[in-house]
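Structure incoming, see below.
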Amino acid sequence: MKIVPRDIPPRAAWALEQAGLHPLLARLYAARGVTGKDELDDALGKLLPPQGLLGADRAAVLLADAIAQDKKLCVVADYDCDGATACAVAVRGLRLLGARHVDYLVPDRVVDGYGLTAPISERVKKSGADVLITVDNGIASVDGVARAKALGLQVLVTDHHLPGNELPAADVIVNPNQPGCTFESKSMAGVGVMFYTLLALRSELRNRGVFDAATQPKLDTLLPLVALGTVADVVKLDANNRRLVAQGLKRVRALAMPAGLAHLFIAAGRKAEVATTFDFGFALGPRINAAGRLSDMTLGIECLLTDDPGRADELAKTLDGINRERREIEGDMREQAMMIAESLFDEGDEPPPAICVFDPDFHEGVVGIVASRIKDKLHRPTFVFAASAAEGKEHELKGSGRSIPGFHLRDALDLVAKRYPGVILRFGGHAMAAGCTVAEEFFDDFENGMNEVAQEWLDAATLTRRMETDGPLAAEYRRVDLVDALHKEVWGQGFAAPTFSEEVEVVSQRLVGEKHLALKLKHQGEPVDGIWFGHTEPLPPKVTLAFRLDADEWNGVRRVRFLVEAAQTGA
């Protein structure tokens with residue numbers, strides 16, 4: 001592990017400080033590319049206008065016509081948290097804007113696989129729908145859209161994934177990453193794309209005189225869901241996404257959110273009044289995702305749709321139970337997968353450039369999480385595969401991959417598919433996360449192909465695990481009020497939470513719960529507690545630590561605590 005302090009542009013830090021920011025926040029924001037205070041303005045009026053999103057205006061006309069003609073709309077969701085929140089935003093938003101017949105359908109992870117397939121289109125038609133709307137999927141569903149059109153359905157695709165060589169023949173596509181779209185924020189999650197589509201629809205309905213600026217429905221009630229889906233999907237938090245998340249967080253902290261979200265906070269043991277992006281990413285998001293991994297994402301969507309507190313409580317508790325089961329399955333799988341991964345190289349040697357792991361007993365619902373854990377430990381692009389549980393497809397392996405900076409996973413899959421025709425049956429995804437299906441007999445070919453590409457693309461510098469930090473923490477900033485101030489800000493993917501680093505003295509250390517290292521440290525000569533979750537190896541008396549700030553409460557007194565992320569003992 002190499003701990004590397006970020007560059008802090010002095011002019012930007014000075015300008016932010018002069019604009020009234022606390023010196024610590026000014027330094028942190030400057031290091032993340034912020035040059036002016038206006039970039040930190042999270043007011044709704046600062047959001048990018050929907051007119052710049054290609055297809056949004058035509059989608060608005062299609063939907064406004066459908067509402068006027070009392071057509072039946074069916075939202076086809078995806079089975080992760082982004083897909084679930086996007087579905088809830090679509091259903092709630094369309095109903096707010098006057099649609100009387102809105103239903104939804106969630107593909108089954110095992111039976112249907114990913115995206116809009118021809119059989120799903122047939123189910124939508126059979127349900128009596130006139131208009132099919134995809135959320136968080138559809139950009140790669142050429143056959144599914146073709147089938148829907150052949151059945152006489154109107155099709156609106158809203159998605160954020162990268163398109164393939166051929167676009168589906170939908171009536172309208174709204175996707176910031178489609179060819180010809182100049183929308184500035186290419187990193188919107190699927191839920192953000194759907195929210196923007198609703199903004200465009202509301203504008204169209206205003207133009208038609210359905211309501212005016214004073215009487216129009218308030219779509220900001222949807223922002224807590226938009227914020228949750230955006231953080232949970234780990235998309236880059238560019239300025240526009242940060243505004244969406246900040247606005248959602250403000251409403252959550254004011255307890256202005258759907259009943260299901262409120263009860264998810266309770267089930268997770270978190271306080272909504274002091275909600276953070278961490279809560280979205282590590283408490284609520286996993287509970288929604290667990291439904292899609294092990295059960296039926298309908299549970300997650302229903303939790304986000306209900307306004308009945310009793311029903312919300314029941315669903316939130318059910319999701320919490322499923323998440324506990326997910327953690328147990330994941331724990332067993334992670335141990336087994338790590339053993340397989342570590343058997344690929346001798347002790348003391350470097351791991352291969354890419355890691356590919358399969359076991360017949362793996363559960364396909366948690367392969368992505370396990371891939372992420374192995375990637376974090378070995379710092380290699382990692383794919384974990386499980387046998388498909390779908391009837392008649394037992395010979396297929398479903399894989400989920402996670403990558404490291406500098407290795408574009410979807411592009412790597414594309415190259416492997418071209419070099420080894422027939423090995424990859426289906427694939428898709430992003431730079432850092434992707435999925436694919438391979439025939440079991442070709443697993444070795446896939447592994448060889450992925451290692452070839454990784455060998456070509458990755459150099460020693462990329463394969464060295466680096467942790468960027470914000471450098472030393474001045475002793476005067478080791479205060480509870482500043483910890484609280486930092487927690488209120490919006491941090492996440494591409495806009496990393498503050499992590500500091502410097503040499504400290506280890507006064508004492510002990511194991512707690514058999515898997516966490518509790519520390520008594522001296523930071524700049526003054527005592528401070530620390531804890532390193534999931535770490536059991538003892539530390540030397542003097543060591544350079546990377547740490548985040550937290551506030552720990554003991555006997556009613558809150559004190560600063562260091563949450564250790566990494567240690568660097570050598571030069």
Problem set entry | Donor-acceptor side-chain pairing of Asp112 and Thr117 below 3.5 angstrom | no

Exercise. Could Asp445 and Arg419 be called an ion pair, given the rule that one side-chain N must be under 4.0 Å from one carboxylate O?
Worked result: no

Exercise. Run the ring-ring contact (aromatic ring centres under 6.0 Å, His included) check on Phe446 and Phe385 step by step: do they pass?
Worked result: CA-CA 11 Å; Phe446 175 85; Phe385 287 86; 5.2 Å; yes

Exercise. Does Leu294 offer a backbone N or O that forms a donor-acceptor pair with the side chain of Arg326 under 3.5 Å?
Worked result: no

Exercise. With a 4.5 Å limit on heavy-atom distance, are the side chains of Asp529 and Lys520 in contact?
Worked result: yes

Exercise. Just by modelled atom types, is the Ala460 backbone N or O under 3.5 Å from a matching donor or acceptor in the Thr464 side chain?
Worked result: yes

For this session: May I ask you to check whether over 12 heavy atoms, not counting those of Asp7, lie within 6.0 Å of atom CG?
Result: no

Exercise. From Phe345 CZ over to Ile355 CD1, what is the distance, rounded to the nearest 0.5 angstrom?
Worked result: 6.0 Å

Exercise. What heavy-atom pair brings Ile322 and Ser295 nearest, and what distance separates the two atoms?
Worked result: CD1-CB, 4.0 Å

Problem set entry | Minimum side-chain heavy-atom gap Phe383-Glu447 below 4.5 Å | no

For this session: Pick out which of Arg559, Arg561, Arg558 makes a salt bridge (Lys or Arg N to Asp or Glu O under 4.0 Å) with Asp550.
Result: Arg561

Exercise. Would a distance-only check, ignoring hydrogens and angles, find a side-chain to backbone donor-acceptor pair under 3.5 Å from Asn177 to Lys186?
Worked result: yes

Exercise. Can you tell if the side chain of Gln509 reaches within under 4.5 Å of the side chain of Trp532, non-hydrogen atoms only?
Worked result: no

For this session: Indicate yes or no: at least one non-hydrogen side-chain atom of Leu228 is less than 4.5 angstrom from one of Cys81.
Result: yes

Exercise. Between the side chain of Glu394 and the main-chain N/O of Ala387, is any donor-acceptor distance below 3.5 Å?
Worked result: no

For this session: Spell out, as yes or no, whether a donor-acceptor pair under 3.5 Å connects the side chain of Arg510 to the backbone of Ala518.
Result: no

Problem set entry | For the student: nearest non-hydrogen atoms of Thr85 and Asp82, plus distance | OG1-O, 3.0 Å

Exercise. Does Arg426 count as lying over the ring of Tyr114, i.e. NZ or CZ under 6.0 Å from the six-ring centre, within 45 degrees of the axis?
Worked result: no

Exercise. Tell me, do Leu521 and Phe562 make a side-chain contact under 4.5 Å, heavy atoms counted?
Worked result: yes

Problem set entry | Closest approach of Asp470 to Pro498 (non-hydrogen atoms, all atoms of both residues) | OD2-CA, 3.4 Å

For this session: For Asp414 and Arg410, indicate whether the former's side chain and the latter's backbone hold a donor-acceptor pair under 3.5 Å.
Result: no

Exercise. Quick one: are Thr382 and Arg402 in side-chain contact, heavy atoms under 4.5 Å?
Worked result: no

For this session: Decide side chain to side chain contact (heavy atoms under 4.5 Å, CB included) for Leu225 and Leu261; before the verdict, give the C-alpha distance in whole Å, the side-chain angles of both, and the deciding distance to 0.1 Å.
Result: CA-CA 8 Å; Leu225 296 171; Leu261 275 195; 4.2 Å; yes

For this session: Evaluate side chain to side chain contact (heavy atoms under 4.5 Å, CB included) for Leu549 paired with Leu563, printing each intermediate quantity in order.
Result: CA-CA 6 Å; Leu549 295 180; Leu563 300 181; over 6 Å; no

For this session: Carefully, step by step, assess Glu302 and Leu299 under the rule side chain to side chain contact (heavy atoms under 4.5 Å, CB included).
Result: CA-CA 5 Å; Glu302 282 299 311; Leu299 289 167; 6.0 Å; no

Seminar exercise, completed: Note: Val235 and Ser187 closest approach over all heavy atoms is CB-O, 3.2 Å

Exercise. How long is the gap from CD on Glu456 to CG on Asn451, to the nearest 0.5 Å?
Worked result: 11.0 Å

Exercise. Mind checking whether Thr277 and Glu489 have side chains closer than 4.5 Å, heavy atoms only?
Worked result: no

For this session: Without swapping roles, check the side chain of Thr544 against the backbone of Glu502 for a donor-acceptor pair under 3.5 Å.
Result: no

Problem set entry | Euclidean distance, Glu396 CD relative to Cys436 SG, rounded to 0.5 Å | 11.0 Å

For this session: Applying salt bridge (Lys or Arg N to Asp or Glu O under 4.0 Å) between Asp320 and each of Arg327, Arg270, Arg287, report the one that passes.
Result: Arg287

For this session: Hey, can you tell me if Phe500 and Phe547 have their rings parallel, tilted or perpendicular (30° and 60° cut-offs)?
Result: tilted

For this session: Could you verify whether a donor N or O on one side chain and an acceptor N or O on the other, from Asp136 and His160, lie under 3.5 Å apart?
Result: yes

Exercise. Do the side chain of Asp279 and the main chain of Leu284 share a donor and acceptor less than 3.5 angstrom apart?
Worked result: no

Exercise. Quick one: does Gln568's side chain have a donor or acceptor within less than 3.5 Å of a partner on Ile3's backbone?
Worked result: yes

Exercise. Taking everything shown except Glu391 itself, do over 12 heavy atoms lie less than 6.0 Å from its CD?
Worked result: no

For this session: Might you point out which heavy atoms bring Leu425 and Ala439 nearest each other, and give the distance in Å?
Result: CD1-N, 4.1 Å

For this session: Assess whether side chain to side chain contact (heavy atoms under 4.5 Å, CB included) is satisfied between Glu342 and Lys377, documenting all intermediate values.
Result: CA-CA 11 Å; Glu342 290 175 342; Lys377 183 171 182 184; 3.2 Å; yes

Problem set entry | Value rounded to 0.5 Å, distance of CD1 in Ile8 from CZ in Arg32 | 9.0 Å

For this session: Return yes if some donor-acceptor pair links the side-chain N/O of Asp359 with the main-chain N/O of Ala337 below 3.5 Å, else return no.
Result: no

Exercise. Do Thr298 and Ile301 come within less than 4.5 Å of each other through their side chains, counting heavy atoms only?
Worked result: no

For this session: Using a strict cut-off of less than 4.0 Å between a Lys/Arg side-chain nitrogen and an Asp/Glu carboxylate oxygen, indicate whether Lys488 and Asp484 qualify as a salt bridge.
Result: no

For this session: State, to 0.1 Å, how close Asn323 and Pro286 come at their nearest heavy-atom pair, and which atoms those are.
Result: OD1-O, 3.3 Å

Exercise. Within a radius of less than 6.0 Å around CG of Asp376, do more than 12 heavy atoms belonging to other residues, nucleotides or ligands occur?
Worked result: yes

Problem set entry | Rounded distance (nearest 0.5 Å) linking atom CD of Glu468 with atom OG of Ser501 | 10.5 Å

Exercise. Hey, what do you get for CG (Leu519) to OG (Ser508), rounding to the nearest 0.5 Å?
Worked result: 8.0 Å

